[in-house]
Chemist: 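Take a look at the following structure, please.
No experiment lies behind these values; they were computed from the predicted model shown.
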Amino acid sequence: MGCKSSKPAPLEEPTPSNSLHDTSAFASDTPFSESDIESLHKLFQKLSDSVIKDGQIHKEELRLAIFKNVNERNLFLDRIFYLFDANKNGRIGFGEFVRTLSVFHPNTPKAVKIAHAFKLYDLRHTGFIEREELREMVLALLSESDLVLPDDVVEMIVDKTFTEADAKGDGKIDEDEWKAYVAQNPSLLKHMTLPYLIDMTLAFPSFVDSGVNSSNLKA
């Protein structure tokens, strides 16, 4: 289901589209089948109605879905929201939702995943990854994995990674250096693939079936 090869699709969404009027277009531009798109739409509706009922997903709603708490702060989640919010209006429409999730599909080409992983690490949007940006993302990913390491170990990891990736030695990692480094260290892409997207009948079952509403909010 949804296993055809994907065509890298532009993530931009010129006009908000939260309906299922064009499932065939979404299916042709992504690895998802039309039935997958319908399942994603059900999930989208649950998410977009969980806090603010405007048919769009806000960052608070994404936090609620992941952490069960709208106040939970997480840099990795913020960066994921940045990828989803293609038109940068602070909300995620259905088209943005589908196209960005397609990046995390197991069948999406590695080159697409590498490019979007670079955007995650480029916190300042300069077109380069600098040492402090790398450090912030390493800390966020460690936190996501519930790992706590001493500061000197974290610095050692950051120094080693940056030295190896910054092939030009100019104090920043450009996209070509990033591609070369990820090719040698494919584990860096593990957060860019969600295996359960291969079968949408199994994806997000507890969330979609149980529903989410304001009663789940924590102070």
Side-chain angles (χ1 to χ4, degrees), residues 5-13 29-31 59 62-63 66-67 72-90 92 96-198:
S5 61
S6 71
K7 296 185 291 184
L11 298 184
E12 290 77 9
E13 186 174 71
D29 288 341
T30 71
K59 190 177 291 186
L62 196 59
R63 286 196 192 109
I66 295 174
F67 299 115
E72 186 77 25
R73 303 296 178 186
N74 181 281
L75 176 61
F76 188 67
L77 179 141
D78 288 346
R79 299 307 297 157
I80 293 296
F81 189 88
Y82 172 81
L83 283 188
F84 273 98
D85 183 17
N87 61 16
K88 306 305 175 230
N89 67 350
I92 300 169
E96 292 171 313
F97 185 69
V98 171
R99 292 188 179 96
T100 303
L101 268 184
S102 73
V103 172
F104 296 85
H105 194 285
N107 290 345
T108 294
K110 185 179 292 185
V112 176
K113 294 179 183 290
I114 290 174
H116 284 84
F118 183 86
K119 292 180 182 179
L120 284 179
Y121 281 80
D122 181 15
L123 303 180
R124 323 288 189 247
H125 318 305
T126 61
F128 300 96
I129 300 172
E130 299 177 351
R131 187 187 183 284
E132 185 56 30
E133 292 173 316
L134 179 62
R135 182 179 183 278
E136 289 183 46
M137 282 300 293
V138 167
L139 289 172
L141 291 171
L142 288 173
S143 175
E144 186 74 12
S145 303
D146 293 322
L147 291 175
V148 179
L149 299 178
D151 290 344
D152 59 335
V153 175
V154 172
E155 293 302 325
M156 183 176 67
I157 293 172
V158 173
D159 285 341
K160 183 177 186 298
T161 302
F162 199 85
T163 299
E164 292 177 355
D166 181 20
K168 297 175 184 175
D170 58 1
K172 55 190 178 184
I173 302 168
D174 62 28
E175 291 192 59
D176 289 336
E177 290 172 320
W178 175 253
K179 290 175 186 176
Y181 185 69
V182 173
Q184 297 173 1
N185 300 274
S187 64
L188 287 169
L189 292 182
K190 68 179 182 179
H191 282 84
M192 299 304 294
T193 296
L194 300 176
Y196 46 74
L197 291 182
I198 202 76

Chemist: Any idea which heavy atoms bring Val138 and Ile157 closest together, and the distance?
Modeler: CG1-CG2, 4.5 Å
Chemist: Which atoms form the tightest heavy-atom contact between Glu96 and Ala86, and what is the distance?
Modeler: OE2-N, 3.0 Å
Chemist: Let me confirm one number: the CZ-OG1 distance from Arg99 to Thr30, rounded to the nearest 0.5 Å.
Modeler: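 The OG1 atom of Thr30 is 8.5 Å from CZ of Arg99, to the nearest 0.5 Å.
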Chemist: Classify the ring geometry of Phe84 against Phe104: parallel below 30°, tilted from 30° to 60°, perpendicular beyond 60°.
Modeler: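 Rings of Phe84 and Phe104: parallel, under 30°.
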Chemist: Salt-bridge test for Lys160 and Glu164: reply yes if a basic N is under 4.0 Å from a carboxylate O, no otherwise.
Modeler: yes
Chemist: Which heavy atom of Ala165 sits nearest to which heavy atom of Ile173, and what is that distance?
Modeler: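 Shortest heavy-atom contact: CB-CD1, 3.6 Å.
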Chemist: Do any N or O atoms from the side chain of Asp176 and from the backbone of Ala180 form a donor-acceptor pair under 3.5 angstrom?
Modeler: no
Chemist: Mark yes or no for whether Asp122, through its side chain, and Thr126, through its backbone, hold a donor-acceptor pair below 3.5 Å.
Modeler: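 Indeed, once roles are kept as given, a pair shorter than 3.5 Å links the two residues.
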Chemist: Between Arg79 (side chain) and Lys119 (backbone), is there a donor-acceptor pair under 3.5 Å?
Modeler: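 Confirmed, Arg79 side chain pairs with Lys119 backbone.
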Chemist: Using the rule given for side chain to side chain contact (heavy atoms under 4.5 Å, CB included), can you reason through Leu101 versus Leu197, listing the C-alpha separation, both sets of side-chain angles and the distance that settles it, and then say yes or no?
Modeler: CA-CA 8 Å; Leu101 268 184; Leu197 291 182; 4.3 Å; yes
Chemist: Go through it in stages, so that I can follow the logic: the residues are Glu130 and Leu123, the test is side chain to side chain contact (heavy atoms under 4.5 Å, CB included), and I'd like the CA-CA distance, side-chain angles, deciding distance and then a yes or no.
Modeler: CA-CA 9 Å; Glu130 299 177 351; Leu123 303 180; over 6 Å; no
Chemist: Can you list the steps and then say if Lys172 with Glu177 is a salt bridge (charged side-chain N to carboxylate O under 4.0 Å, His left out)?
Modeler: CA-CA 9 Å; Lys172 55 190 178 184; Glu177 290 172 320; over 6 Å; no
Chemist: May I ask you to decide if Ile114's main-chain N or O and Trp178's side chain share a donor-acceptor pair within less than 3.5 Å?
Modeler: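 Side chain of Trp178 to backbone of Ile114: a pair is present.
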Chemist: For Asp170, I'd like to know if atom CG has over 12 heavy atoms of other residues, nucleotides or ligands within 6.0 Å.
Modeler: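 Yes - once you tally the heavy atoms of other residues, nucleotides and ligands closer than 6.0 Å, there are more than 12.
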Chemist: With side chain to side chain contact (heavy atoms under 4.5 Å, CB included) as the test, would you mind laying out the steps for Asp159 and Arg131 before giving the verdict?
Modeler: CA-CA 8 Å; Asp159 285 341; Arg131 187 187 183 284; 2.5 Å; yes
Chemist: Quick one, Asp152 and Met156 - any side-chain contact, counting heavy atoms below 4.5 Å?
Modeler: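 They are not in side-chain contact.
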Chemist: Quick check: closest heavy atoms across Phe162 and Ile129, and the distance to 0.1 Å?
Modeler: CE1-O, 3.7 Å
Chemist: Rounded to the nearest 0.5 Å, what's the gap from CD on Glu133 to CG on Leu75? Could you check?
Modeler: 10.0 Å
Chemist: At what distance, to the nearest 0.5 angstrom, does NZ of Lys110 lie from NZ of Lys179?
Modeler: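 So the NZ of Lys110 and the NZ of Lys179 are separated by 14.0 Å.
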Chemist: Start with the C-alpha distance between Leu120 and His191, add both sets of side-chain angles, then the distance that settles side chain to side chain contact (heavy atoms under 4.5 Å, CB included), and finish with yes or no.
Modeler: CA-CA 11 Å; Leu120 284 179; His191 282 84; over 6 Å; no
Chemist: Under 6.0 Å from the six-membered ring centre of Tyr82 and within 45° of its axis: does the NZ or CZ of Lys88 meet both?
Modeler: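 The answer is yes, since Lys88 meets both limits relative to Tyr82.
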Chemist: Under 3.5 Å, side chain of Thr108 to main-chain N/O of Ser102, donor-acceptor pair present?
Modeler: yes
Chemist: Is it true that a side-chain atom of Glu175 and a backbone atom of Phe118 form a donor plus acceptor pair closer than 3.5 Å?
Modeler: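 Looks like no, no N/O pair under 3.5 Å.
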Chemist: In Å and rounded to the nearest 0.5 Å, what is the CG to CG distance from Leu139 to Leu134?
Modeler: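 Here the rounded value is 9.5 Å.
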Chemist: Checking the side chain of Asn185 only, and the main-chain atoms of Tyr181 only, is there a donor and an acceptor separated by less than 3.5 Å?
Modeler: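 Looks like yes, one N/O pair under 3.5 Å.
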Chemist: Locate the shortest heavy-atom distance separating Leu194 from Pro106; write the atom from each residue and the value.
Modeler: O-CD, 3.6 Å
Chemist: Please tell me whether Lys113 and Thr193 have a donor and an acceptor in their side chains that are separated by less than 3.5 angstrom.
Modeler: yes
Chemist: Of all heavy-atom pairs between Asp166 and Gly171, which one has the smallest distance, and what is that distance?
Modeler: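 Result for this residue pair: OD2-N, 2.8 Å.
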